[in-house]
Amino acid sequence: LVDFLIVVKSSRKAQVARAMKKSALSKAEVLKRIRSQISLSRKVKMADFIIDNEGTRSQTEKQVKGIWKQVHSAADTAMARQRKISAAGK
């Protein structure tokens, strides 16, 4: 019902370290993949919500919960609006 773009941002150093930890890719391979993507600054400009993933896990979870509340609220509003439109058309 509702589409949002959520971007999770972190430093290049953190991106590389996490990718290397989760995969068997070398640093050069990870950097090549990162460079082949849309730049982080462009993603941030396009985003409806941004999660800063440089803090603690608790801080990140707090951001995610806050975004979830906003998305859920927007979905509820959209559904209520659709019900009104449907009811008016009967």
Original post:
Yes or no on salt bridge (charged side-chain N to carboxylate O under 4.0 Å, His left out) for Arg57 and Glu61, after CA distance, side-chain angles and deciding distance?
Top reply: CA-CA 6 Å; Arg57 183 179 184 105; Glu61 287 174 353; 3.2 Å; yes
Original post:
Is the shortest heavy-atom distance from the side chain of Glu29 to the side chain of Ser23 under 4.5 Å?
Top reply: no
Original post:
How long is the gap from CD on Gln70 to CD1 on Ile6, to the nearest 0.5 Å?
Top reply: 9.5 Å
Subject >> Side chains of Ser58 and Thr56, donor plus acceptor under 3.5 Å >> reply: no
**OP:** Mind checking the CD1-OG spacing from Ile51 to Ser10? Nearest 0.5 Å is all I need.
**Re:** 11.5 Å
**OP:** Treat each ILVMFWY residue as a node, draw an edge where side-chain heavy atoms are under 4.5 Å apart, and state whether Met20 and Ile34 are in one component.
**Re:** yes
Original post:
Within the side chain of Ser73, is there an N or O that forms a donor-acceptor pair under 3.5 Å with the backbone of Lys69?
Top reply: no
Original post:
Is the number of heavy atoms from other residues, nucleotides or ligands under 6.0 Å of Arg18 CZ greater than 12?
Top reply: yes
Subject >> Where Val16 and Lys27 come nearest, the two heavy atoms and their spacing >> reply: CG1-CG, 3.8 Å
Original post:
What's the shortest heavy-atom distance between Gly55 and Thr60, and which atoms?
Top reply: O-OG1, 4.5 Å
Subject >> Distance (rounded to the nearest 0.5 Å) between Ile50 CD1 and Gln63 CD >> reply: 10.0 Å
Original post:
Does any non-hydrogen side-chain atom of Phe4 lie less than 4.5 Å from one of Ile67?
Top reply: no
Original post:
For Lys9, does the NZ atom have more than 12 heavy-atom neighbours from other residues, nucleotides or ligands under 6.0 Å away?
Top reply: no
Original post:
What's the shortest heavy-atom distance between Asp48 and Asp3, and which atoms?
Top reply: OD2-O, 4.3 Å
Original post:
When clusters are formed by joining ILVMFWY residues with side-chain heavy atoms under 4.5 Å apart, either directly or through shared neighbours, do Leu5 and Phe49 land in the same one?
Top reply: no
Original post:
Do Val8 and Val64 sit in the same hydrophobic cluster, where Ile, Leu, Val, Met, Phe, Trp and Tyr count as joined when their side-chain heavy atoms come under 4.5 Å apart?
Top reply: yes
**OP:** Would you give the length of the straight line joining atom CG of Leu25 to atom NZ of Lys32, rounded to the nearest 0.5 angstrom?
**Re:** 11.0 Å
Original post:
Between Leu31 and Arg12, is any pair of side-chain heavy atoms under 4.5 Å apart?
Top reply: yes
Original post:
Side chains of Val7 and Leu40: does their closest heavy-atom pair fall under 4.5 Å?
Top reply: yes
